[in-house]
Number of protein chains: 2
Amino acid sequence: MSDRITLKHVAAHAGVSRATVSLVLRDSPLIAAPTKARVRQSLAAVGYLYNRGAATMRATGTQTVGLLVNQIDNPFFAELTAGVSAALDSAGYIAFLSVTEDVVERQARAILRLREHRVDGVILCPAAATTGQDMAHLAEAGMKLVQVMRFVEGSAGDYAGPQNTHGLGLLTEHLIRLGHRHFAYAGGMALHSANRERIGGVTDALRRHGLAGPHFLPVENTRLGGMQAAAQLCALPQRPTALMCGNDVTAFGAMVGLQQRGLVVGRDVAVTGVGDVPEAAACQPGLTTLAASPRRIGQEATRLLLRRIADPALPAERLALPMRLVVRGSCGSGVAQP
Amino acid sequence: MSDRITLKHVAAHAGVSRATVSLVLRDSPLIAAPTKARVRQSLAAVGYLYNRGAATMRATGTQTVGLLVNQIDNPFFAELTAGVSAALDSAGYIAFLSVTEDVVERQARAILRLREHRVDGVILCPAAATTGQDMAHLAEAGMKLVQVMRFVEGSAGDYAGPQNTHGLGLLTEHLIRLGHRHFAYAGGMALHSANRERIGGVTDALRRHGLAGPHFLPVENTRLGGMQAAAQLCALPQRPTALMCGNDVTAFGAMVGLQQRGLVVGRDVAVTGVGDVPEAAACQPGLTTLAASPRRIGQEATRLLLRRIADPALPAERLALPMRLVVRGSCGSGVAQP
DNA sequence: CTTGCCAGTTAGATCGATCTAATGTCTGAT
DNA sequence: ATCAGACATTAGATCGATCTAACTGGCAAG
């Protein structure tokens, strides 16, 4: 059992006041070096453990932040989470994690709990149904928050995410160069900003080349959604030759679904993803996708949040990180001539 | 800006004392129903936000727990984390997450920080180099903790993980039935309990059938480790026909490495994993593996921890969940006859 | 000799909840 | 009429830090 050792005990042991010990803990320049050394010895001698809860009552800041992601079993968000965790660790912070599964109620419950714990800020990948009003309430309550991957329409503040529109333009033009003329787009049932930007990027690129917009397959951006998209694609009278998926996980599902129907991915159908999670290089054929460096995005989001916490008055920053085209076997070397 | 609304303000608004409001917050039976209703109205009217930090100073428990995993980018641990998060959410708890990357120093730093935050308990997948003494110190400090996936030798307390020994026995016998006689085992460079049990399960099963132990390829249980193992396997004078990998991610790396060397997985070499992460069904060929239901393990670990927090005197429980053999294409239909 | 200042230290108030022990109020039994 | 006991509520102490404002002793300037 811990014997509830407080500043008082340390102070008694070192022969100083509690205030002095408190200042030593924070390495204040007010305290003379020899005193500091003596107090530090006592700290170790009595086995003192800092009580951040108590400190929080008077001091400002808890050295904690919240991280809310919609899913964690998607390797993309797992990497992002790892990036946040590492960046926070080296800044002396620690994160509360909550997985919302895109359910606004879970998100709201988690945010309330985080506010009760007086987190210094929140990194939020907003659930798809989050409204601008929800965000406004948070801002009014003085919550420092950085949005990541998705940006709620009508909201304000910091954001870190990939250049979706530009990236999907690159990817679409690559497919056009390969000879594709009929496109399908799988995923993006939930119309959050990332999906809108991605679909917009594809549509714009097609229009630039005088092509019709992609055939939209409204499924969720999950493995299962990808499999459903494969089924839907095969049921179309005139099958598109390129299937662009909202993210890598969806593409994995689609590839399995297509293969189950006897189609050879990369020859009969080109498939693409978004994100370039490690599995994209490991599957067969390799997945052509857009590298979005989730770890980096997590780190940048953390940097933005810590910056915001340090100076709430700073102007908002919206960071759009470039995506890189990664060509692998899943889109083959050219469209099959009928 | 939040105007620091405390119990005092609510009490004034409702015309009662702070103590009464405090009791209403916790839905105490001591307070009469009409008073409760009135106070609850005031709570909402003044926009009160509970301050858990302050409460913690007197009350016992913070409604927080720590979750320390060695990696999160492995889908297995991502699923496990999702299970923990969901289970905690419905119990009114929230988790601090820290990713240790198997570095004991990061683990130690995170645990210190969690102790400073006075978490009610910790779910820990111990970094490989964790010693029994480390665990003993934590126990002495009164830390409630549940180990998950790995169990530090010489430690005590609760644990939740899969039946590694039995599971790998099943898997090995399946390969033996297919005609394999020469086995390699990739992974398990870090000798924590899970790796030891898995290797033990293979060795035991082989011995039961009068076969020599697996050729041990000492790599890390990562995608990269798997690729290294593939290279090592191909360099062996007499190549084993079955490559058993320490987990699915290692197997994915191994499959890529073998394919790069012109070998057909499932025909030339049988490959197996452990865990059955979703990608195992999606890769080509599908990966024969052991389903370990990570989400369930996360939920069980959470249950054990909450139980332990509620009653620290309970006897320790070591939960070993069964693994199910999942046969897919990666081990083919029989060993190739030379 | 007094004053002012500085560096180093500290007593005591304070943060916002909960806990303890006590208070007042209303029954119903003696 | 008095008392025991249950019920509902509360004043004030308390948790363990930090903050504010004040206090020391020593030294230089006036």
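We name chains A, B, ... by the order of the sequence lines, and we start the count at 1 in each one.
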Enquirer: Grab the CG-C1' distance between A/Leu23 and C/dT10 for me, whole Å please.
Expert: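 These atoms are roughly 10 Å apart.
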
Enquirer: Between B/His9 (NE2) and C/dC15 (P), how many Å, whole number?
Expert: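 One finds 10 Å between P of C/dC15 and NE2 of B/His9, rounded.
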
Enquirer: Might you confirm whether atom CD of A/Gln299 has over 12 heavy atoms from other residues, nucleotides or ligands at distances under 6.0 Å?
Expert: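 Yes, enclosed.
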
Enquirer: Answer yes or no: is there an ion pair linking A/Arg40 with A/Asp27, defined by an N-O contact shorter than 4.0 Å?
Expert: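 Salt bridge between A/Arg40 and A/Asp27, a charged N being under 4.0 Å from a carboxylate O: yes.
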
Enquirer: Is there a side-chain polar atom (N or O) of B/Thr20 under 4.0 Å from OP1 or OP2 of D/dT10?
Expert: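 For D/dT10, OP1 or OP2 has a side-chain N or O of B/Thr20 closer than 4.0 Å.
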
Enquirer: Under a 3.5 Å cutoff, is there a donor and acceptor pairing between the side chains of B/Thr130 and B/Gln107?
Expert: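 Distance-only check passes for B/Thr130 and B/Gln107.
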
Enquirer: Roughly how many Å is it from CD1 in B/Ile5 to P in C/dC15, rounded to a whole number?
Expert: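 Going from CD1 in B/Ile5 over to P in C/dC15 covers 15 Å.
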
Enquirer: Quick check on C/dT10: is either OP1 or OP2 less than 4.0 Å from any side-chain nitrogen or oxygen of A/Ser17?
Expert: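 Result: yes.
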
Enquirer: Ignoring the backbone of B/Thr6, work out which of C/dG16, C/dC19, D/dC19 is nearest its side chain.
Expert: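 Given the options C/dG16, C/dC19, D/dC19, the side chain of B/Thr6 is closest to C/dG16.
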
Enquirer: If you check the A/Ile31 side chain, which of D/dA17, C/dC15, C/dT9 turns out closest?
Expert: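 Within the option list, the nearest is C/dT9.
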
Enquirer: Grab the CG-C1' distance between A/Leu25 and D/dC19 for me, whole Å please.
Expert: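 After rounding, the gap between these two atoms is 15 Å.
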
Enquirer: With respect to the side chain of B/Met57, which nucleotide from C/dT10, D/dC15, D/dA17 is positioned closest?
Expert: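 The answer is D/dC15.
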
Enquirer: Output yes when A/Glu317 and A/Arg303 qualify as a salt bridge under the 4.0 Å nitrogen-oxygen rule, no when they do not.
Expert: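 Yes, this pair counts.
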
Enquirer: What I want to check is whether an N or O donor and acceptor connect the side chain of B/Arg18 with the base of D/dG12 at under 3.5 Å.
Expert: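 Answer is yes: a donor-acceptor pair is held.
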
Enquirer: Ignoring hydrogens and geometry beyond distance, is the side chain of B/Arg52 in donor-acceptor contact with the base of C/dG16 at under 3.5 Å?
Expert: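 Per atom types, no contact qualifies.
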
Enquirer: Considering only side-chain heavy atoms of A/Arg58, which listed nucleotide, D/dC19, C/dT9, D/dT9, is closest?
Expert: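 Of all the options, the side chain of A/Arg58 is nearest to D/dC19.
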
Enquirer: If you only use heavy atoms from C-beta on, which nucleotide in D/dA17, C/dT10, D/dA13 is closest to the side chain of A/Ala19?
Expert: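 It is C/dT10.
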
Enquirer: To the nearest Å, how far apart are A/Lys8 NZ and D/dC15 P?
Expert: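 Going from A/Lys8 (NZ) to D/dC15 (P), I get 7 Å.
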
Enquirer: Mapping B/Lys36 and A/Leu7 to their closest nucleotides on DNA chain D, which lands nearer the 5' end?
Expert: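 On the 5' side of the pair lies B/Lys36.
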
Enquirer: Below 4.0 angstrom from OP1 or OP2 of C/dT9, is there any side-chain N or O of A/Thr35?
Expert: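 The answer is yes; a side-chain N or O of A/Thr35 sits under 4.0 Å from OP1 or OP2.
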
Enquirer: Which nucleotide wins on minimum distance to the side chain of A/Leu30, given the candidates C/dT9, C/dA11, D/dA17?
Expert: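 Nearest nucleotide to the side chain: C/dT9.
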
Enquirer: Between B/Glu116 (CD) and D/dA17 (C1'), how many Å, whole number?
Expert: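 For the pair B/Glu116 CD and D/dA17 C1', the rounded distance is 13 Å.
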
Enquirer: State whether B/Arg106 and A/Asp89 are salt-bridged, where the test is any N-O pair (Lys NZ or Arg NE/NH1/NH2 against Asp/Glu carboxylate O) under 4.0 Å.
Expert: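 Salt bridge between B/Arg106 and A/Asp89, a charged N being under 4.0 Å from a carboxylate O: yes.
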
Enquirer: Looking only at side-chain N and O atoms, does B/Arg26 come under 4.0 Å of OP1 or OP2 in C/dC19?
Expert: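 So the side-chain polar atoms of B/Arg26 do come within 4.0 Å of the phosphate oxygens OP1 or OP2 of C/dC19, strictly under.
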
Enquirer: Consider the side chain of A/Arg4, meaning its heavy atoms from C-beta on, and name the nucleotide among D/dC15, D/dA8, C/dA17 that approaches it most closely.
Expert: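 So the side chain of A/Arg4 is nearest to D/dC15.
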
